[in-house]
Amino acid sequence: MEIVILAVVIAVVALGAISGLVVSSRKKKQLPPAPPSSPSVTAPPAEPHVGEEAETPGAEPRRTVEEVELPVPEAPAAEAPAEASVAPAEPEAPAAPAVEVPEPTAGRLVRLRTRLSRSQNSLGKGLLTLLSREHLDEDTWEEIEDTLLTADVGVAPTQELVERLRERVKVLGTRTPEELRALLREELLALIGTDADRSVHTEPGVGVNGEEKPGVVMVVGVNGTGKTTTTGKLARVLVADGKSVVLGAADTFRAAAADQLQTWGERVGARTVRGPEGGDPASIAFDAVKEGIAENADVVLVDTAGRLHTKTGLMDELGKVKRVVEKHGSVDEVLLVLDATTGQNGLVQARVFAEVVNITGIVLTKLDGTAKGGIVVAVQRELGVPVKLVGLGEGADDLAPFEPEAFVDALIGD
Ligand code: GDP
């Protein structure tokens with residue numbers, strides 16, 4: 001009997017101990033749910049804040065400031081959107097391996113020269129061959145004219161050039177190949193112009209409130225010309241020149257444009273200010289410059305949308321973007337991006353854009369894929385504005401400052 005009682009007691013104690021263990025282990029398992037308080041600093045909440053704050057500036061809707069270097073500073077990323085206080089973490093971060101060092105800009109056109117000469121053979125070399133003929137009869141002069149027109153030099157500049165060449169060849173009498181090359185080089189250079197200011201103006205200035213304001217560059221053009229790519233490449237050019245850059249993704253019309261721009265920016269550590277798809281471009285442009293001022297950036301590049309088929313809308317929108325940005329201070333450069341392969345169409349675009357905004361420089365893209373380099377001359381004539389940059393490929397550093405001498409040398413060879 002006693003044995004039975006003892007056995008029952010032992011059994012009860014043992015059961016109690018086991019259930020105690022279970023409970024306490026359950027309790028332990030229940031504890032973990034506490035962490036939510038720490039992970040609550042996760043990315044999602046950050047965005048709503050950003051949007052709300054962006055509305056306050058009185059300008060317009062929401063924007064999202066994307067943190068550039070994902071690498072080291074995680075926490076600052078959540079604050080980034082806020083105000084000026086965010087900036088500090090940024091400049092030091094480039095220690096991160098993800099950020100590339102773009103190729104220096106000096107001499108880029110020389111590096112890319114083979115692409116030019118490959119595509120422009122028919123212009124420069126064609127002219128030289130024709131001029132080298134023993135008898136420069138009317139037919140030959142006509143061929144020279146056709147060569148220039150085919151290369152999109154434009155009617156008036158072609159006639160001018162042919163006239164000059166006729167005169168000078170006559171004076172020259174017998175011509176050696178070297179003399180001809182030198183003569184053609186000189187005349188082509190005169191046509192393109194060597195004394196225009198081709199620098200992209202990005203110097204910081206003074207904002208409306210007396211604060212230091214970054215240089216502001218607006219990039220405009222019809223979609224498909226290479227506008228976003230050019231904005232990204234230009235960011236690299238500026239970074240290569242030692243400047244800090246903020247990008248404004250104000251092309252809210254084309255779905256992928258903001259992502260595309262942000263990717264370009266991330267590669268060189270440039271922050272991208274963006275907004276919702278279909279959002280108000282002027283508001284994003286405004287916020288981008290505001291961000292640039294807050295973080296003391298050297299330059300703000302604003303990518304815009306270009307829709308030629310809705311010309312009136314485009315005019316209103318671009319004009320508005322510029323006016324809204326100017327609430328911070330001056331826009332220092334308005335670059336028109338033209339696809340060199342589109343010939344006369346490019347000139348029509350140039351005209352339309354020039355009505356909307358005061359274009360201060362031209363970027364000719366895709367010069368690697370066309371023999372129509374004469375568009376350089378035609379478009380400068382059309383707008384009275386210099387070509388400042390040329391795109392010579394899809395590579396990240398295939399955008400070069402335009403240098404007339406290197407360009408002409410590429411056309412006619414040394
Ligand atoms: P957007 O709509 O004007 O912003 O055009 P994108 O920037 O998206 O460019 C359209 C296409 O043109 C892309 O495939 C670019 O890689 C290409 N592109 C841009 N610039 C050049 C260039 O200089 N040379 C070549 N070959 N392609 C270019």
Side-chain angles (χ1 to χ4, degrees), residues 108-130 143-158 161 184-185 187-189 191-193 198 219-234 237 306 308 335-353 359 361-383 385-413:
R108 274 197 195 188
L109 196 52
V110 173
R111 169 178 69 82
L112 296 167
R113 207 178 119 149
T114 47
R115 293 192 195 170
L116 257 183
S117 30
R118 228 183 295 141
S119 56
Q120 310 294 333
N121 265 349
S122 52
L123 176 56
K125 305 251 171 65
L127 286 177
L128 267 184
T129 312
L130 288 168
E143 276 184 68
I144 291 175
E145 214 170 282
D146 286 348
T147 306
L148 289 164
L149 289 174
T150 309
D152 274 348
V153 170
V155 178
T158 294
L161 182 62
L184 187 61
R185 185 177 191 276
E187 291 301 331
L188 284 173
L189 271 179
L191 207 61
I192 292 168
R198 296 182 193 272
V219 184
V220 306
V222 171
N223 283 344
T225 53
K227 192 170 38 60
T228 303
T229 307
T230 297
T231 310
K233 287 177 179 173
L234 182 54
V237 165
L308 208 57
L335 294 176
L336 172 67
V337 178
L338 291 177
D339 177 342
T341 64
T342 58
Q344 289 304 309
N345 219 336
L347 291 185
V348 173
Q349 293 168 17
R351 239 169 268 147
V352 173
F353 277 89
I359 292 162
I362 299 157
V363 184
L364 271 181
T365 59
K366 310 186 194 180
L367 263 178
D368 53 311
T370 176
K372 296 175 177 292
I375 191 80
V376 169
V377 175
V379 73
Q380 289 190 151
R381 286 283 173 104
E382 179 70 39
L383 298 185
V385 165
V387 170
K388 294 192 168 180
L389 298 161
V390 285
L392 288 160
E394 298 194 73
D397 292 327
D398 291 348
L399 181 76
F402 181 69
E403 298 155 22
E405 287 84 358
F407 182 73
V408 170
D409 285 343
L411 297 192
I412 59 176

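The residues of the chain are indexed from 1 along the displayed sequence.
Between the CD atom of Glu187 and the CG atom of Leu161 there is a distance of 6.5 Å, given to the nearest 0.5 Å. Remark: Arg381 CZ to Ile192 CD1 distance equals 11.0 Å, nearest 0.5 Å. Atom CG of residue Leu109 and atom CZ of residue Phe402 lie 7.5 Å apart, to the nearest 0.5 angstrom. In this structure, the separation between CG on Leu128 and CG on Leu411 is 10.0 Å, given to the nearest 0.5 Å. Remark: Thr370 OG1 to Leu116 CG distance equals 10.5 Å, nearest 0.5 Å. Atom CD1 of Ile412 sits about 5.0 Å away from atom CG of Leu184, to the nearest 0.5 Å.
Side-chain atoms of Glu382 do not come within 3.5 Å of backbone N or O of Arg351 as any donor-acceptor pair. A distance-only check finds no donor-acceptor pair linking the side chain of Glu145 to the backbone of Thr158 [under 3.5 Å].
Across all their heavy atoms, Asp339 and Thr342 have their closest contact at O-OG1, 2.7 Å. Here the shortest heavy-atom pairing between Pro401 and Arg108 reads CD-CB, 4.4 Å. In terms of heavy-atom proximity, Pro404 sits nearest to Arg198 at CG-NE, 3.6 Å. Of all heavy-atom pairs between Thr150 and Lys372, the closest is O-NZ, 2.9 Å. The two residues Lys233 and Gly393 make their nearest non-hydrogen contact at NZ-O, 2.6 Å. Closest approach of Leu123 and Ala151 over heavy atoms only: CD1-CB, 3.7 Å.
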Val153 and Leu191: side-chain contact (heavy atoms from CB on, under 4.5 Å), yes or no, with the steps? CA-CA 10 Å; Val153 170; Leu191 207 61; 4.1 Å; yes
For Gln344 and Val348, what are the C-alpha separation, side-chain angles and deciding distance, and is it a side-chain contact (heavy atoms from CB on, under 4.5 Å)? CA-CA 6 Å; Gln344 289 304 309; Val348 173; 5.6 Å; no
Should Thr225 and Leu338 be marked as a side-chain contact (heavy atoms from CB on, under 4.5 Å) after you check the CA-CA gap, both sets of side-chain angles, and the distance that decides it? CA-CA 6 Å; Thr225 53; Leu338 291 177; 5.6 Å; no
Go through the steps for Leu399 and Leu392 under the test side-chain contact (heavy atoms from CB on, under 4.5 Å), then give the verdict. CA-CA 6 Å; Leu399 181 76; Leu392 288 160; over 6 Å; no
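Side-chain atoms of Thr365 and Val390, non-hydrogen and from C-beta on, never get closer than 4.5 Å to each other. At a threshold of 4.5 Å between non-hydrogen side-chain atoms, the residues Val363 and Leu234 do not count as touching.
A salt bridge links Asp398 with Arg111; the closest basic N to acidic carboxylate O contact falls under 4.0 Å.
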